[in-house]
S.K.: 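Supplied in structure tokens, the structure appears directly below.
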Amino acid sequence: MAESYSFLKDVNFFDVLGDNELAEIAALLVTRHYRKGQVIFMEDEPGEALYILRKGLVKLSKLSEEGREQVLHYVHPGSIFAEVVIFDGGPYPATAEAVDDSEVGVLYNKDMEQLLLQEPELALKMLRLMSRRLRAAQRTIRDLALKDAYSRMSGLLLRLQKRQGLQGEGERLVLKTEMTRQEMASIIGVTRETVARILSRWQKESIIEVHRDKIIILNQEKLLDWI
């Protein structure tokens, strides 16, 4: 349990909880391992748990009406996913798949519900945490509705760079990514050709350098100008 407690203490989602509250949640945490390509849960399956990624990389996606995959988000270590089902017990809104071999912490709804019934103050804090997540989702929806493709692409690169916390090389920010152009396009809601055109233009303008497994941000200020 000590290992689970130390892990949860570094998860931003739980940053408003006290030590005793974290310890109670850590006692409920179950660790699961998934191989690369293994599905963790499917869209529309009954939602039974909240997940926290400990190691690896997880892709969240939905199927469009035409049967095409729409990538919603990539989950990195220290982030939670499927939190929407923790209170209503509804179906999972997306499919989660391990992109790399992954280790995941699982908090089952039934266990959390029993704990929250016993700890009303903890329940209130969890509701506040969920409200914060809802606001972040609303911002994403707003960005998709109001911002053009260049703005969304700039925002994606800067979010990835911030999440990785890279120091860079001098003024060069090295963003390592295995995402394909199609995966980037799915995240920001444009075509693969649009992503390729944007990256090509920015490379010509010396804003970025594009390599097979990384993108180097040469001029962060110019990238910010597109937002």
Side-chain angles (χ1 to χ4, degrees), residues 1-17 19 21-63 69-116 119 122-123 125-130 132-134 136-137 140 156 159-160 162-165 176-180 183-184 186-187:
M1 192 182 88
E3 182 182 354
S4 294
Y5 170 81
S6 298
F7 167 66
L8 290 180
K9 201 168 180 63
D10 292 330
V11 176
N12 289 336
F13 179 75
F14 297 109
D15 58 5
V16 302
L17 302 185
D19 291 341
E21 294 165 330
L22 277 177
E24 289 179 306
I25 293 177
L28 305 177
L29 194 67
V30 178
T31 300
R32 295 280 183 264
H33 294 86
Y34 297 91
R35 298 183 304 277
K36 179 179 180 180
Q38 187 174 358
V39 173
I40 300 170
F41 55 78
M42 291 289 292
E43 181 181 356
D44 293 329
E45 284 183 347
E48 62 176 6
L50 173 154
Y51 297 80
I52 312 166
L53 186 60
R54 303 184 73 155
K55 298 176 183 176
L57 184 68
V58 169
K59 176 178 67 177
L60 301 181
S61 64
K62 292 177 69 71
L63 285 180
E69 182 184 59
Q70 171 78 44
V71 178
L72 302 176
H73 182 56
Y74 283 88
V75 182
H76 293 260
S79 298
I80 69 168
F81 56 106
E83 71 278 9
V84 68
V85 306
I86 193 170
F87 287 115
D88 68 2
Y92 291 115
T95 295
E97 177 186 339
V99 178
D100 298 323
D101 291 345
S102 299
E103 181 178 320
V104 179
V106 184
L107 289 171
Y108 287 99
N109 292 358
K110 57 183 178 61
D111 296 330
M112 284 296 295
E113 183 176 335
Q114 185 175 359
L115 174 61
L116 295 177
E119 301 283 352
L122 175 58
K125 288 184 178 181
M126 289 296 294
L127 284 171
R128 288 172 178 163
L129 290 171
M130 294 300 294
R132 189 168 67 184
R133 296 283 289 190
L134 178 59
T140 299
L156 173 63
R159 285 195 305 274
L160 291 173
K162 183 178 180 181
R163 186 180 298 140
Q164 291 186 10
K176 293 189 177 181
T177 177
E178 296 180 355
M179 278 193 290
T180 65
E183 288 168 338
M184 290 181 179
S186 296
I187 290 174

S.K.: Enter the distance from Lys59:NZ to Ile187:CD1 here, rounded to the nearest 0.5 Å.
M.R.: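 Lys59 NZ to Ile187 CD1: 10.0 Å, rounded to 0.5 Å.
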S.K.: CG/Leu107 to CD1/Ile25 distance, rounded to the nearest 0.5 angstrom?
M.R.: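 So the gap between those two atoms works out to 7.0 Å.
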S.K.: Distance from Met126 atom CE to Glu119 atom CD, nearest 0.5 Å?
M.R.: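 Nearest 0.5 Å value for the CE-CD distance: 12.5 Å.
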S.K.: Which distance, rounded to the nearest 0.5 Å, do you find between the CG of Leu29 and the OH of Tyr5?
M.R.: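 Result: 14.0 Å between the selected atoms.
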S.K.: Specify the closest pair of heavy atoms between Ser102 and Gly56, including all atoms of both residues, with the distance to one decimal.
M.R.: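 Scanning both residues completely, I find the closest heavy atoms to be OG-CA, 3.6 Å.
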S.K.: Please report the shortest heavy-atom distance between Val106 and Ala49, naming the atom on each side.
M.R.: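 For Val106 and Ala49, the tightest heavy-atom pair comes out as CG1-CB, 3.4 Å.
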S.K.: Taking Asn109 for its side chain and Gly47 for its backbone only, find out whether a donor-acceptor pair lies under 3.5 Å.
M.R.: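 Yes.
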S.K.: Between Thr95 and Ser61, is there a side-chain heavy-atom distance shorter than 4.5 Å?
M.R.: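 SC-SC contact between Ser61 and Thr95 confirmed.
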S.K.: Is there a side-chain contact between Ile52 and Phe14 in this structure, where contact means two heavy atoms from C-beta onward sitting under 4.5 Å apart?
M.R.: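 When only atoms from C-beta onward are counted, Phe14 and Ile52 do touch, with a gap below 4.5 Å.
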S.K.: If you round to the nearest 0.5 Å, how far is CD of Glu183 from OH of Tyr74?
M.R.: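 Tyr74 atom OH to Glu183 atom CD measures 2.5 Å (nearest 0.5 Å).
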S.K.: Tell me, please, which residues at least two apart from Ser6 pass side-chain hydrogen bond (donor to acceptor under 3.5 Å, both in side chains).
M.R.: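 Listed in chain order: nothing, the list is empty.
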S.K.: How close do Leu53 and Val75 get, counting heavy atoms only, and between which atoms?
M.R.: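 Heavy-atom minimum between the residues: CD2-O, 3.1 Å.
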S.K.: Sub-3.5 Å donor-acceptor pair from the side chain of Tyr92 to the main-chain atoms of Glu48, do we have one?
M.R.: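 Yes.
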S.K.: Quick one: side-chain hydrogen bond (donor to acceptor under 3.5 Å, both in side chains) partners of Gln114, sequence neighbours excluded?
M.R.: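 Not a single residue meets the side-chain hydrogen bond (donor to acceptor under 3.5 Å, both in side chains) criterion with Gln114.
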S.K.: Salt-bridged, Asp100 to Lys55, with N to O below 4.0 Å?
M.R.: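 Between Lys55 and Asp100 there is no salt bridge, as every charged N stays at least 4.0 Å from the carboxylate O atoms.
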S.K.: Do you know the tightest heavy-atom contact between Met112 and Leu28?
M.R.: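 Shortest heavy-atom contact: SD-CD1, 4.1 Å.
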S.K.: Side-chain donor-acceptor contacts of residues 34-43 below 3.5 Å, not counting sequence neighbours, with atom names and distances?
M.R.:
| unit_1 | atom_1 | unit_2 | atom_2 | d |
| --- | --- | --- | --- | --- |
| Gln38 | OE1 | Arg35 | N | 2.9 |
| Glu43 | OE1 | Leu63 | N | 3.4 |
| Glu43 | OE2 | Lys62 | NZ | 2.9 |

S.K.: Under the 3.5 angstrom rule, does the side chain of Gln70 hit a backbone N or O of Ser186 as a donor-acceptor pair?
M.R.: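 Yes; at least one donor-acceptor contact below 3.5 Å.
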S.K.: Quick one: are Thr31 and Arg54 in side-chain contact, heavy atoms under 4.5 Å?
M.R.: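 Side-chain contact under 4.5 Å: yes.
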S.K.: Identify the heavy atoms of Leu50 and Glu83 that sit nearest to each other, and give their distance.
M.R.: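 Taking Leu50 first and Glu83 second, the nearest heavy atoms are CD1-CB, 3.7 Å.
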S.K.: Before you tell me yes or no, could you show the steps for Val16 and Arg128 under side chain to side chain contact (heavy atoms under 4.5 Å, CB included), namely the whole-Å CA-CA distance, both residues' side-chain angles and the distance that decides it to 0.1 Å?
M.R.: CA-CA 9 Å; Val16 302; Arg128 288 172 178 163; 6.0 Å; no
S.K.: Would you compute the distance between atom CD of Glu113 and atom NZ of Lys110 and round it to the nearest 0.5 angstrom?
M.R.: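 One finds 11.0 Å between CD of Glu113 and NZ of Lys110.
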